[in-house]
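So that the names make sense, note that chain A is the first sequence line, chain B the second, and so on, each numbered from 1.
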Protein chains: 2
Amino acid sequence: MDAVRPVFYVSDGTGITAETIGHSLLTQFSGSRFQTDRLPFVDTPDRARDAANRIRAAGEAARTRPIVVTSCVDGSLTALVAESGALMLDVFAPFIEPLERELGEARQQRVGQAHGIVDFDTYHRRINAMNYALTHDDGISMNYDEADLILVGVSRAGKTPTCVYLALHHGIRAANYPLTPDDLEEERLPAKLRQHRNKLFGLTIDPIRLHQIRQERRANSRYAQLDTCKREVAQAEAMLRREGIEMLSTTHASIEEISSRVLEHLGINREMY
Amino acid sequence: MDAVRPVFYVSDGTGITAETIGHSLLTQFSGSRFQTDRLPFVDTPDRARDAANRIRAAGEAARTRPIVVTSCVDGSLTALVAESGALMLDVFAPFIEPLERELGEARQQRVGQAHGIVDFDTYHRRINAMNYALTHDDGISMNYDEADLILVGVSRAGKTPTCVYLALHHGIRAANYPLTPDDLEEERLPAKLRQHRNKLFGLTIDPIRLHQIRQERRANSRYAQLDTCKREVAQAEAMLRREGIEMLSTTHASIEEISSRVLEHLGINREMY
């Protein structure tokens with residue numbers, strides 16, 4: 001059996017950039033096993049030396065060379081971490097020189113810029129969008145004029161987490177309208193949604209998965225019964241199809257993928273926070 | 001005046017990895033101006049050719065060479081995108097060869113693995129953690145035995161977005177206890193929190209910023225008055241200090257940074273979703 005390889009995400013900031021790319025890289029090597037650890041805020045020589053010691057110790061304990069994915073902007077800190085003997089993957093290094101040449105500008109070595117200090121406007125946009133998502137989560141508060149988009153689907157199809165993700169990461173005001181059994185019997189789009197047709201996106205889900213999710217929430221209720229789930233999903237899909245509203249199944253999709261596809265379909269281009 | 005440089009995040013998946021590292025790189029070049037765009041799900045030759053055309057057109061319109069940050073796993077798609085003439089920054093390429101050598105394993109070229117299909121367990125953990133955060137957001141539902149951590153602070157200090165972020169990205173059950181004026185007069189930790197001391201982390205905020213935030217929420221209320229904000233913050237900080245509870249000011253910190261620091265302090269190591 002191969003050793004479990006220690007992997008460290010080392011950064012002078014939050015380490016999110018290093019972990020994001022590191023995680024993406026590791027998923028491409030499914031024959032190896034990894035034990036990952038985050039070492040954020042490594043922004044002084046002392047902290048870099050501490051990190052190096054911890055990384056070296058992990059390698060000795062696992063009897064294998066550790067891997068470090070680092071996004072430290074200050075090269076002297078990276079050099080101190082490298083004294084651990086780990087394989088060093090510097091996520092910025094390969095791209096700085098081509099960018100400097102292309103832009104005719106030297107990079108600035110300020111730390112923690114990507115996910116660090118923020119201006120008040122950005123903070124506000126994210127928080128307001130999140131408050132909006134949380135207060136437009138039930139189909140009752142329906143000030144949809146302000147909505148950037150509205151997700152429609154049966155209860156527990158994945159609307160709430162998607163709305164919250166879109167708010168947090170894109171500052172988007174995403175409302176969420178759960179199709180009730182009454183709505184579904186009507187066989188057409190609820191009146192309050194019709195005037196916002198261009199903001200609508202449907203989420204659907206495999207009825208068996210829906211049944212599992214609802215069982216966890218209200219075990220053995222009528223709401224959770226497989227028959228109920230099957231009927232609601234069939235009615236919802238038929239209605240959305242008839243109304244010409246784009247629809248995505250969340251059964252095998254991550255929240256990130258659902259969010260990306262919704263934005264792409266509605267043609268919304270917003271930077272990611 | 002320099003041209004605004006078109007930047008495209010191109011991916012066969014969501015594009016989150018490309019955008020995360022691309023954004024981090026661009027923040028290091030503050031002398032240039034960028035117009036960024038996401039081109040996700042570029043997973044067929046046709047879509048790659050469409051992307052190349054769009055990128056080329058953007059460069060012609062801006063009269064400057066576009067920059068592409070790409071995370072396409074399939075090199076033949078990247079080659080098609082490169083026909084746009086853009087500066088190509090491939091976020092995986094520089095790291096694959098050293099990793100293959102170190103791990104003694106060839107990478108697998110499956111697309112969209114990082115933020116794509118998910119297993120049910122992962123989905124469940126995220127969703128359950130988010131439901132937990134949303135139902136333990138008010139200091140009323142207080143089933144804190146299940147909490148991984150509890151954020152404490154005055155109303156509007158940044159607790160809710162941090163809890164939701166921790167749930168979404170780390171599957172952590174983060175509860176949130178708002179210190180009420182009554183709690184603050186007591187000058188000691190509310191009884192219901194004392195038994196969970198090792199899960200507590202305090203968030204504080206500059207009173208002027210707090211005043212601005214509360215004004216937006218309830219303009220000209222007593223709750224929003226600068227004097228109220230000053231008093232509450234001073235009382236909360238004094239109490240947390242006296243009780244020996246770690247505290248962080250959210251005034252200039254991003255949600256990501258707050259989350260990272262909370263996890264680091266409480267010694268919680270969870271992979272990021």
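Atom CD in Glu271(A) sits 10.0 Å away from atom CG in Asp37(B) (nearest 0.5 Å). Between Ser254(B) atom OG and Ile16(A) atom CD1 the span is 7.0 Å, to the nearest 0.5 Å. With rounding to the nearest 0.5 angstrom, the CD atom of Gln212(A) is 11.0 Å from the OH atom of Tyr123(B). For the atom pair CG (Leu263(B)) and CZ (Arg38(A)), the distance works out to 6.0 Å, reported to the nearest 0.5 Å. Rounding to the nearest 0.5 Å places CD of Glu19(A) at 11.0 Å from OG1 of Thr20(B).
For Ile96(B), the parts sitting under 4.5 Å from any heavy atom of chain A are the backbone and the side chain alike. Neither the backbone nor the side chain of Ala93(A) has a heavy atom closer than 4.5 Å to any heavy atom of chain B. Proximity to chain B is limited to the side chain of Leu168(A), based on heavy atoms less than 4.5 angstrom apart. Asn128(A) touches chain B through its side chain: at least one heavy atom from C-beta onward sits under 4.5 Å away, while N, CA, C and O do not. Within the 4.5 angstrom heavy-atom criterion, no atom of Leu39(A) approaches chain B. With a 4.5 angstrom heavy-atom cutoff, Ile67(A) touches chain B only via side-chain atoms. If you measure heavy-atom distances from Ile127(A) to chain B, the contacts under 4.5 Å come from the side chain alone. For Glu264(A), the part lying under 4.5 angstrom from a heavy atom of chain B is the side chain only. Contacts between Ala167(B) and chain A at a heavy-atom distance below 4.5 Å are absent for every atom of the residue. For Met130(A), the part lying under 4.5 angstrom from a heavy atom of chain B is the side chain only. Contact of Glu216(A) with chain B is made through the side chain alone, with heavy-atom distances under 4.5 Å. Interface residue Leu87(B): only side-chain heavy atoms are found under 4.5 Å from chain A.
Relative ring orientation between Tyr165(A) and His169(B) is described as tilted, the plane-to-plane angle lying within the 30° to 60° band.
Tyr9(A) places none of its side-chain heavy atoms less than 4.5 Å from the side chain of Met272(B). Asn131(A) places none of its side-chain heavy atoms less than 4.5 Å from the side chain of Thr160(B). Counting heavy atoms from C-beta outward, Val91(A) and Val91(B) have side chains that stay 4.5 Å or more apart. Side-chain contact between Gln28(A) and Leu99(B): absent, with no pair of heavy atoms (C-beta onward) separated by less than 4.5 Å. Between Thr27(B) and Gln108(A) the shortest side-chain heavy-atom distance does not fall below 4.5 Å. A heavy-atom distance below 4.5 Å is found between the side chains of Pro94(A) and Phe95(B).
Taking the charged nitrogens against the carboxylate oxygens, Glu256(B) and Arg126(A) do have a contact shorter than 4.0 Å, which makes a salt bridge. A salt bridge links Glu102(A) to Arg5(B): at least one charged side-chain nitrogen sits closer than 4.0 Å to a carboxylate oxygen.
Here the closest non-hydrogen pair linking Glu105(A) and Ser30(B) is OE2-N, 3.3 Å.
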**Trace of the side chain to side chain contact (heavy atoms under 4.5 Å, CB included) decision for Thr36(A) with Asn269(B)** = CA-CA 9 Å; Thr36(A) 63; Asn269(B) 181 42; 5.6 Å; no
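With chain B as the partner, the residue from Val69(A), Ile21(A), Ile258(A) showing the most heavy-atom pairs under 4.5 Å is Ile21(A).
When only modelled atom types and interatomic distance are considered, Thr17(A) and Ser24(B) share a side-chain donor-acceptor pair under 3.5 Å.
Cation-pi contact between Arg261(B) and Phe41(A): present, with separation from the ring centre below 6.0 Å and deviation from the ring axis of at most 45°.
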